[in-house]
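Here's the structure we're looking at; comments come further down.
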Amino acid sequence: MQQHQSTHSQPTGEMVIGAATVRGTEGSQRAFDPARNSEIAEPVFGLGGAAEVERACALAREAFDPYRALPLERRAAFLEAIADRIMGLGDTLIARAQAESGLPAARLQGERGRTVGQLRMFAQVVRDGHFLRATIDPAQPGRQPLPRSDLRLAKIPLGPVAVFGASNFPLAFSVAGGDTAAALAAGAPVVVKAHGAHLGTSELVGRAIQQAVADCGLPEGVFSLLIGAGRQLGEALVAHPAIKAVGFTGSRQGGLALVRVANARPEPIPVYAEMSSINPVFLFPAALAARAEAIGQGFADSLTMGAGQFCTNPGLVIAIDGPDLQRFVRAASAALAAKPAQTMLTPGIHQAYAAGTAQVDGVAGVEKVAAGLAAGEMPNAASAALYATDAQQLLSSPALMEEMFGPASIVVRCRSLDEMHAVAEHLEGQLTATLQIDAGDHAEAARLLPVLERKAGRILANGYPTGVEVCQAMVHGGPFPSTSNAMFTSVGATAIDRFLRPVCYQDLPDGLRPAALQDGNPLALWRLVDGALVQP
Ligand code: NAP
């Protein structure tokens with residue numbers, strides 16, 4: 001591997017390993033433009049292997065203690081410096097991401113806003129210090145029959161984190177996306193494996209983070225970006241002893257492969273994999289009677305947003321059969337018929353969409369009730385598809401419960417509310433479940449809620465699941481297979497908890513305690529003292 005320092009504004013095909021840029025020598029790859037269906041000539045990316053994994057992980061291990069020991073203000077300023085550096089890339093970043101993803105510039109500008117917004121939100125989370133969960137149970141020397149020691153709890157980061165960039169958010173869930181921001185906020189160095197679908201975008205953002213590390217005078221190993229094949233470099237990264245947790249968004253197969261690697265280590269580590277969800281939408285009778293057309297139109301917009309390439313895409317619609325459901329289907333069909341085909345992120349994702357819809361097409365008792373405009377000559381483009389079947393067919397056809405990643409959904413006709421319940425009970429774990437309800441539906445919706453709470457991480461009423469707010473209360477997670485660990489969220493402020501663990505300090509002298517737990521409360525934190533929340 002050859003190393004040098006550089007300040008290019010266009011990607012060069014190199015990896016970022018600490019303060020160095022490194023050209024991989026384990027093969028090469030060009031980025032791909034899905035809209036033109038051709039490779040992007042420049043640059044050629046050198047792929048990394050075991051040597052680069054070793055170097056990045058060794059640097060991350062070295063950086064861990066000094067980085068986590070920095071004052072919180074410096075950690076927060078670093079997150080803001082990354083956001084500034086990303087904005088400083090200007091249109092170069094948007095143009096490169098557009099060429100590599102086929103996504104429109106406006107969407108990517110919005111996604112960049114979300115990316116820097118996430119980084120700035122985490123800067124605030126770090127400054128607040130609430131994530132440390134500072135808790136003090138003072139000593140009770142006179143307690144009978146035994147005295148109590150002084151016990152104090154605070155959270156520390158797990159250790160260096162491996163992040164796998166997602167294909168469907170080249171900015172907001174990739175190199176400087178939600179997983180990276182949450183891990184850096186927790187005080188954990190990050191080693192990213194770039195997604196092959198946007199190598200140049202990844203490099204540009206990786207260099208921006210590298211510059212922010214230098215701007216802030218941090219240890220170089222706080223961040224590295226590797227390029228290479230998942231099955232070699234990706235698995236080696238997860239297996240490396242310096243890595244203590246993994247963040248992933250992608251396929252069920254890929255996520256489970258990484259869980260297996262993590263569990264087979266001499267020291268198993270947590271993998272936070274967000275994988276597959278079909279996001280059921282339940283249309284209740286009163287809502288359907290009152291506004292079937294509006295619901296149908298809104299559904300079609302949600303289904304086709306971003307060519308359906310969202311983990312929260314509404315892939316299943318459940319309602320009682322009858323004239324009101326027919327009105328919904330007619331309205332959704334009319335709206336979908338006017339939706340143009342859209343370029344998908346990669347030829348592989350396009351092929352998977354074609355295979356998924358073909359599989360559903362082939363199930364007996366399933367009819368295609370609507371389609372979007374045909375792709376014609378557009379390469380790698382998906383047209384929307386709406387299917388219909390009945391509940392009994394759905395319950396007996398595992399293929400209908402699989403995620404079709406793209407703008408396709410299935411309407412499930414039920415005979416009764418009880419049958420809607422049976423479908424809900426049959427669902428695997430989901431990121432979201434949506435209720436379309438009016439006042440007359442509330443009693444029945446209340447009956448369904450306990451089932452949905454068991455199945456989903458977010459339950460929403462009278463909206464659509466696409467569009468995930470980044471905020472304190474967001475949960476973007478859920479039972480398997482929507483994620484590999486239902487106890488956490490990958491979006492929002494509490495995503496930081498995935499990369500933290502509690503440590504209890506018993507009877508330590510005040511000077512040896514972390515600042516969060518010292519008697520003088522130098523960080524001015526709200527703390528739980530003897531079970532009561534105490535203001536600074
Ligand atoms: P993917 O194939 O799971 O790949 C995601 C990342 O994981 C890539 O960097 C990949 O590296 C790596 N990887 C995959 N398998 C691996 C393995 N066995 N060991 C180590 N690393 C591995 O996902 P994708 O490329 O984004 O899209 C493929 C399909 O995933 C889509 O068609 C869709 O069904 C699903 N998907 C779902 C969501 C969601 O949010 N639910 C989001 C995106 C994609 P390499 O590419 O180098 O192998």
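Atoms within each ligand, like the ligands themselves, are counted from 1 in listed order.
Ring orientation note: the planes of Phe488 and Tyr272 are nearly perpendicular, at an angle over 60° on the 30°/60° scale. Taking the six-membered ring where the residue is Trp, Phe328 and Phe299 present tilted rings, their angle falling between 30° and 60°.
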- Query: Checking salt bridge (Lys or Arg N to Asp or Glu O under 4.0 Å) for the pair Glu425/Arg454: CA distance, chi angles, key distance, verdict?
  - Reply: CA-CA 9 Å; Glu425 281 288 7; Arg454 274 192 273 113; 2.9 Å; yes
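Near ligand 1, residues Phe164, Ser167, Asn168, Lys193, His195, Gly228, Ala229, Gly230, Arg231, Glu235, Phe248, Thr249, Gly250, Ser251, Gly254, Ala257, Leu258, Glu274, Met275, Cys311, Ile349, Ala352, Glu403, Phe405 each place a heavy atom inside the 4.0 Å sphere around the ligand atoms.
Remark: His350 engages no residue in a ring-ring contact (aromatic ring centres under 6.0 Å, His included) (not counting sequence neighbours).
Put simply, the side chain of Glu220 gets close to the backbone of Ala19: a donor and an acceptor are under 3.5 Å apart.
When only modelled atom types and interatomic distance are considered, Gln430 and Ser277 share a side-chain donor-acceptor pair under 3.5 Å.
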